[in-house]
Novice: 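The structure's right below; bear with me while I get my questions together.
Since the structure is predicted, the reported quantities are computational estimates derived from the model, not experimental observations. Every chain is numbered from 1 and lettered A, B, ... according to where its sequence line falls, protein lines coming before strand lines.
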Number of protein chains: 2
Amino acid sequence: MTDRADAGRDLGVRRGGVPEATVGRLPLYHRVLVDLADAGVDTVSSDALAATAGVSPAKLRKDLSFLGSYGTRGVGYEVSVLIEQIGAELGISSEWPVVIVGVGHLGHALANYGGFTSRGFRLVALFDEDPELVGTDVAGLVIRPFTDLPSVARAEGVTIGVVATPAAAAQDVADALVAAGVNSVLNFAPVVLTVPPSVDVRRVDLASELQILAFHQQRRGDELGQVAR
Amino acid sequence: MTDRADAGRDLGVRRGGVPEATVGRLPLYHRVLVDLADAGVDTVSSDALAATAGVSPAKLRKDLSFLGSYGTRGVGYEVSVLIEQIGAELGISSEWPVVIVGVGHLGHALANYGGFTSRGFRLVALFDEDPELVGTDVAGLVIRPFTDLPSVARAEGVTIGVVATPAAAAQDVADALVAAGVNSVLNFAPVVLTVPPSVDVRRVDLASELQILAFHQQRRGDELGQVAR
DNA sequence: AGGCGCTTGTGAAGGAGTGCACAAAGTTGC
DNA sequence: GCAACTTTGTGCACTCCTTCACAAGCGCCT
């Protein structure tokens, strides 16, 4: 949140200078492009791609321009080239080892989520505290006791961890992940995790999303009554 | 994304003029405040609350100022008052009926997610196409066939729907939801839904979140090698 | 070979969001 | 009742993001 865009400053090189807002959309573009490739499309215009991804054409072009000039004027973008370039930017070339902690329904859902491997991730372990679950097979992996985390994390070089535990356990889990060398955490528990500044946490929160929807819904309702003043 | 902040324009009245970025943080504040209330705290300063929520104090104060002046200078904010006001802004006073479509692991997890009712939502029905699942009990509700959606939605006045189906089914489900009068959709399927402009869709995407984390992770790694130029 | 039409890439303008710093306002202690 | 201290609320400057508009560039057609 602070010192992000200070590398590659005065150079024409924009590598590393991709704005945060753009980074947030790259995965979307990547997915849409893969879908297009699967459908046999091999060239798209920015207008068509933007429409498919649900963003404005100008925004899309500017986003892509941060990666370099991979389009052909008068024609459009070659789908395979874009997939390649966005993939490289997102680090899909390498395979990030990922662990999931907490194998309730949510953990289950995440573990079975297809497209881990196709998007540059490799699910290396599932952890849970519940002795009933430990030893069980999920998504081709055996659930391991949470105490195994440090050894597994170190052995596999895990840097990304997913917290899918109840709220009460989340902070302890986060602490353990950090201690085991993980410095990117995806948190599904409805709590604010406290971590060292070097660790990157992203929060995914069902209730927040619903409440944001409810807010807009309510506003729409309000406007019916008090429009045009 | 387009015409959001045009009501209550030149007036001193800011009701309805809450910026989108602020709206996105209100649920977080609300949750943190409820936790504080549960812990017996009844007054917080903006600094303390900001620290707990993981945002800067200035941002927090500005966010709260959009709701009105509910703090006491020299003292802080009364927790119960803030909960009340944020709740009102988010529409927690009313109870929004919600349906979930798709009761796989993710649907299960969502259905069992506590704090629906405490946050202004009431889960009124679960739907699935799978005949094996229909009739099953989940979270105190019987899973109903997807074809029941229209009648239930109309009967309960459902305006918010959650899509927790596989990607292939998501668009059809969204169409059915829209046809049934739902105009706020929370989409967990990894596809871009096409809906009329009057319908509000929010997308929650595991893969995107992971890829954003991976991007930052990669950048951190890169910097180690090519820092300070 | 040259011009025409299409689409990209980008400079510049406008808007939204954030951080700073301080005045306004309340409380506590004397 | 006054002064000192604390904390809110907000105007201002700054940065980041988005949108607009158009020149630059490429392919196709004649």
Novice: Taking CZ from B/Arg25 and P from C/dA16, how many angstroms apart are they, rounded to a whole number?
Specialist: 15 Å

Novice: Using atom CD of B/Glu78 as one end and atom P of C/dG26 as the other, report the distance to the nearest whole Å.
Specialist: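 About 15 Å, once rounded to whole Å.
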
Novice: In terms of ring plane angle, is the pair A/His105 and B/His105 parallel, tilted or perpendicular, where the classes change at 30° and 60°?
Specialist: tilted

Novice: Is A/Ser56 touching bases, backbone alone, or none of the nucleic acid, heavy atoms closer than 4.0 Å?
Specialist: sugar-phosphate

Novice: B/Tyr70 and side chain to side chain donor-acceptor pair (under 3.5 Å): which single residue from B/Gln85, B/Glu84, B/Glu78 fits?
Specialist: B/Gln85

Novice: Between B/Tyr70 and D/dT7, does any side-chain N or O lie under 4.0 Å from OP1 or OP2?
Specialist: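 No, no such contact exists.
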
Novice: Does anything in residues 39-46 of chain B reach DNA chain D, meaning a heavy atom under 4.0 Å, and if so which residues?
Specialist: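 Of all residues in residues 39-46 of chain B, the ones placing a heavy atom under 4.0 Å from DNA chain D are B/Ser45, B/Ser46.
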
Novice: Evaluate side chain to side chain contact (heavy atoms under 4.5 Å, CB included) for B/Leu177 paired with B/Val99, printing each intermediate quantity in order.
Specialist: CA-CA 10 Å; B/Leu177 284 169; B/Val99 297; 4.1 Å; yes

Novice: What is the separation between atom CG on B/Asp47 and atom P on D/dT6, rounded to the nearest whole Å?
Specialist: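 Atom CG in B/Asp47 sits about 12 Å away from atom P in D/dT6.
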
Novice: Could you write nucleotides 20-30 of chain D as a row of B, S and -, 5' to 3', where a protein heavy atom under 4.0 Å of any base atom gives B, of only sugar-phosphate atoms gives S, and otherwise -?
Specialist: BB--BBBS---

Novice: Provide, to the nearest angstrom, the distance between the CD atom belonging to B/Glu20 and the C1' atom belonging to D/dC17.
Specialist: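 So the two atoms are 15 Å apart, to the nearest Å.
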
Novice: Where do A/Val204 and B/Glu209 come nearest, in terms of heavy atoms and distance?
Specialist: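 In terms of heavy atoms, the two residues are closest at CG2-CG, 3.8 Å.
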
Novice: Can any side-chain N or O of B/Arg220 pair as donor or acceptor with the backbone N or O of A/Ser198 at less than 3.5 Å?
Specialist: yes

Novice: Grab the CG-P distance between B/Leu26 and C/dG17 for me, whole Å please.
Specialist: 13 Å

Novice: For B/Lys59 and D/dT15, give me the distance from atom NZ to atom C1', rounded to whole Å.
Specialist: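 Rounded to whole Å, this separation is 13 Å.
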
Novice: Using atom CZ of B/Phe66 as one end and atom C1' of C/dT18 as the other, report the distance to the nearest whole Å.
Specialist: 11 Å

Novice: Whole angstroms only, please: what is the CG-P distance between A/Leu60 and C/dT7?
Specialist: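 Checked: the CG to P distance equals 14 Å.
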
Novice: Within the structure provided, determine whether B/Thr159 and B/Val182 are in side-chain contact (heavy-atom separation under 4.5 Å).
Specialist: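 No, too far: nothing below the 4.5 Å cut-off.
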
Novice: With no hydrogens and no angle check, just 3.5 Å: does a side-chain donor-acceptor pair link B/Ser184 and B/Asp200?
Specialist: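 There is no such pair (donor and acceptor under 3.5 Å, judged by atom type) between the side chains of B/Ser184 and B/Asp200.
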
Novice: Less than 4.5 Å apart, any side-chain heavy atom of B/Asp35 and any of B/Val41?
Specialist: no

Novice: Closer than 3.5 angstrom, by distance alone: can the side chain of A/Trp96 be matched with the main-chain N or O of A/Gly91 as a donor-acceptor pair?
Specialist: yes

